Engineer: 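The structure under discussion is supplied below as structure tokens; questions concerning it will follow.
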Number of protein chains: 2
Amino acid sequence: MDTDKNHEINLQASEKQYSKNLLPSLSVNSVLFSYHNEALNVLLLEFAETDYFMLPGGFIKNDEDVDEAALRSLKERTGLNNIYLEQFYVAGKAGRTSDPVVLEYLEKEGYTTTAGWLNQRNVSVCYFALVSEKRVKPEIKENFISEYKWTDLQKLPQLLFDHYDIIQKAISRLQADIDQKLLFHNLLSEPFTMPELRKLYEAVFQKQFTRSNFQRKMLKRNILVRVGKKLEGRANKAPYLYKFKK
Amino acid sequence: MDTDKNHEINLQASEKQYSKNLLPSLSVNSVLFSYHNEALNVLLLEFAETDYFMLPGGFIKNDEDVDEAALRSLKERTGLNNIYLEQFYVAGKAGRTSDPVVLEYLEKEGYTTTAGWLNQRNVSVCYFALVSEKRVKPEIKENFISEYKWTDLQKLPQLLFDHYDIIQKAISRLQADIDQKLLFHNLLSEPFTMPELRKLYEAVFQKQFTRSNFQRKMLKRNILVRVGKKLEGRANKAPYLYKFKK
DNA sequence: ACAAAAGTGTTAGTTCTACACCCATGA
DNA sequence: TCATGGGTGTAGAACTAACACTTTTGT
């Protein structure tokens with residue numbers, strides 16, 4: 001009974017998507033990381049002035065690779081072209097998109113349950129992206145989105161759906177890949193100093209690294225080139241500047 | 001023009017799936033690994049007596065988690081319940097399901113392009129599964145599938161779609177996870193000997209491990225318990241037997 | 001006794017870790 | 001000249017890799 005009814009609802013919503021040449025029941029979500037103020041930040045969107053936040057996402061066109069869809073939706077949102085993007089997870093739980101906060105809001109505002117993309121069955125292919133600070137100017141044009149903000153990972157607000165879990169999985173994957181794939185150069189603007197690089201690692205792994213050993217380890221990998229000295233007005237020895245070796 | 005036509009085709013096929021309560025455009029595929037004859041094997045299905053093979057897969061019910069769908073389709077195919085299953089990739093290229101071999105076969109046999117699940121746009125959530133040898137009795141009930149076989153990874157036949165890439169990605173992920181998540185105990189039947197365990201590692205990584213060092217490394221991790229000696233009729237010292245410590 | 005293959009030991013080399021020491025800079 | 005913080009050195013521990021030696025077993 002009840003499942004039959006839900007099925008009808010899904011079918012209708014799905015046909016709407018098809019009419020726009022979009023794959024039904026499927027979407028992408030992106031965990032967009034930046035490094036700012038010595039902390040790892042993530043881009044969040046506020047849902048309808050509820051103080052609840054969510055990850056940016058988008059749908060997939062019929063004739064478009066899923067990877068392309070992720071790149072396109074980020075480009076549309078941030079204007080950025082050369083973003084490092086990595087697929088890391090599929091969120092596929094059946095009930096993942098029925099969030100009480102959203103349902104209550106829709107009911108209060110008089111939306112029918114077929115109103116939009118919010119509460120139908122949805123499987124999401126999740127990506128994380130790395131961007132240098134300040135390169136991004138997000139734009140909000142979607143329905144239900146009232147605001148965006150960069151949030152320190154240690155101070156996450158309340159998140160809708162399963163987006164908290166998705167963020168945690170993104171962090172795990174970033175930690176696993178940052179060394180192997182040398183991802184850090186997507187988060188720092190060149191040139192950078194060794195202490196800056198170390199603090200980035202400390203933000204990513206949420207732990208301290210011994211200063212001297214960290215420097216030795218990075219230098220031994222032969223992936224950095226010194227490009228001079230940093231002459232800052234600080235009461236200490238000026239650190240060297242480094243660039244990432246191509 | 002042409003894209004509009006394809007769109008119509010997809011929509012029709014999609015509605016067929018909905019009528020069976022299945023999510024459209026989305027499926028799961030499983031790379032089912034076993035360890036047999038000192039080699040890593042993978043379960044493949046032959047497509048319509050063409051000598052081309054493919055991975056087992058299945059669709060996702062409307063009210064079912066994607067993970068559940070993967071488990072269910074494996075259970076239906078192999079009868080196994082407690083399988084280790086891990087999601088590792090999403091194959092999402094737009095053209096991935098149009099394989100010339102399949103298209104030619106369908107045309108030759110007089111199928112229309114809306115005939116089945118074979119050549120519509122499809123995004124596949126990929127899992128790898130680990131099973132002890134001999135526990136599996138695959139059954140073939142699908143259309144177009146003429147045979148199944150376990151194949152040595154070093155002797156793969158020609159594969160349809162992007163299934164070769166998927167298998168390679170599965171191996172990479174298995175290599176990355178086998179130590180961390182102690183996956184080997186899903187591939188060996190207990191009790192096992194240290195040489196057997198070593199040969200499993202050599203099959204997974206396709207390289208030799210020094211006998212003495214491998215033993216030391218595994219024992220130091222404190223995850224194995226000796227349960228006696230193997231008294232085999234072999235002209236050499238009988239190796240110890242081990243079980244996996246829970 | 002011998003071959004085969006398992007268990008154990010040894011040694012040199014490398015890497016990790018903690019900490020000490022020195023150096024440059026601005027107040 | 002002092003505090004701050006970056007750069008470099010070093011000794012001990014831990015880990016790695018190659019190889020030698022010993023033990024068990026069936027023929």
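The model shown is predicted, which means the values in this text are computed figures rather than measured ones. Just so we're on the same page: letters track the sequence lines, and every chain starts at 1. Keep in mind that the numbers below use all heavy atoms, side chains included, and drop hydrogens, waters and symmetry copies.
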Engineer: In whole Å, what is the span from the CG atom of A:Asn236 to the C1' atom of C:dC23?
Structural biologist: 11 Å
Engineer: Going 5' to 3' through nucleotides 10-22 of chain C, assign each nucleotide B (protein heavy atom under 4.0 Å from a base atom), S (under 4.0 Å only from sugar-phosphate atoms) or - (no protein heavy atom that close).
Structural biologist: B----S-BBB---
Engineer: If the threshold is 4.0 Å, N to carboxylate O, is there a salt bridge linking B:Lys181 and B:Glu86?
Structural biologist: yes
Engineer: Checking A:Asp165 now: which residues fulfil side chain to side chain contact (heavy atoms under 4.5 Å, CB included) with it, not counting sequence neighbours?
Structural biologist: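 With sequence neighbours excluded, A:Asp165 shows a side chain to side chain contact (heavy atoms under 4.5 Å, CB included) to A:Asp162, given in chain and number order.
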Engineer: Taking heavy atoms of chain B and a 4.0 Å limit, find me the 5'-most and 3'-most nucleotide of DNA chain D within that range.
Structural biologist: D:dC15 to D:dG26
Engineer: Could you give the side-chain donor-acceptor pairs of residues 214-222 of chain B under 3.5 Å, partners two or more places apart or in another chain?
Structural biologist:
from: B:Arg216; atom 1: NH2; to: B:Asn213; atom 2: OD1; distance (Å): 3.2
from: B:Arg221; atom 1: NH1; to: B:Asp179; atom 2: OD1; distance (Å): 2.6
from: B:Arg221; atom 1: NH2; to: B:Asp179; atom 2: O; distance (Å): 2.8

Engineer: Round to a whole Å and report the spacing from CG of B:Leu241 to C1' of C:dG7.
Structural biologist: 14 Å
Engineer: Run the side chain to side chain contact (heavy atoms under 4.5 Å, CB included) test against B:Leu85 and tell me which residues pass, sequence neighbours left out.
Structural biologist: B:Ala70, B:Leu71, B:Leu74, B:Tyr127, B:Ala129
Engineer: Determine all donor-acceptor pairs shorter than 3.5 Å in which one atom belongs to a side chain in residues 202-209 of chain B; sequence neighbours excluded.
Structural biologist:
from: B:Glu202; atom 1: OE2; to: B:Arg198; atom 2: NH1; distance (Å): 3.4
from: B:Glu202; atom 1: OE2; to: B:Phe209; atom 2: N; distance (Å): 3.0
from: B:Gln206; atom 1: NE2; to: B:Ala203; atom 2: O; distance (Å): 3.3

Engineer: Less than 4.5 Å apart, any side-chain heavy atom of A:Ser124 and any of A:Arg96?
Structural biologist: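 Yes, their side chains come closer than 4.5 Å.
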Engineer: List the steps and the verdict of ring-ring contact (aromatic ring centres under 6.0 Å, His included) for A:Phe184 and A:Tyr35.
Structural biologist: CA-CA 10 Å; A:Phe184 54 82; A:Tyr35 177 62; over 10 Å; no
Engineer: Does A:Tyr52 OH have over 12 foreign heavy atoms under 6.0 Å away?
Structural biologist: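 Check fails, neighbour count at 12 or below.
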Engineer: Rounding to an integer number of Å, can you tell me how far B:Lys230 NZ sits from C:dA5 P?
Structural biologist: 14 Å
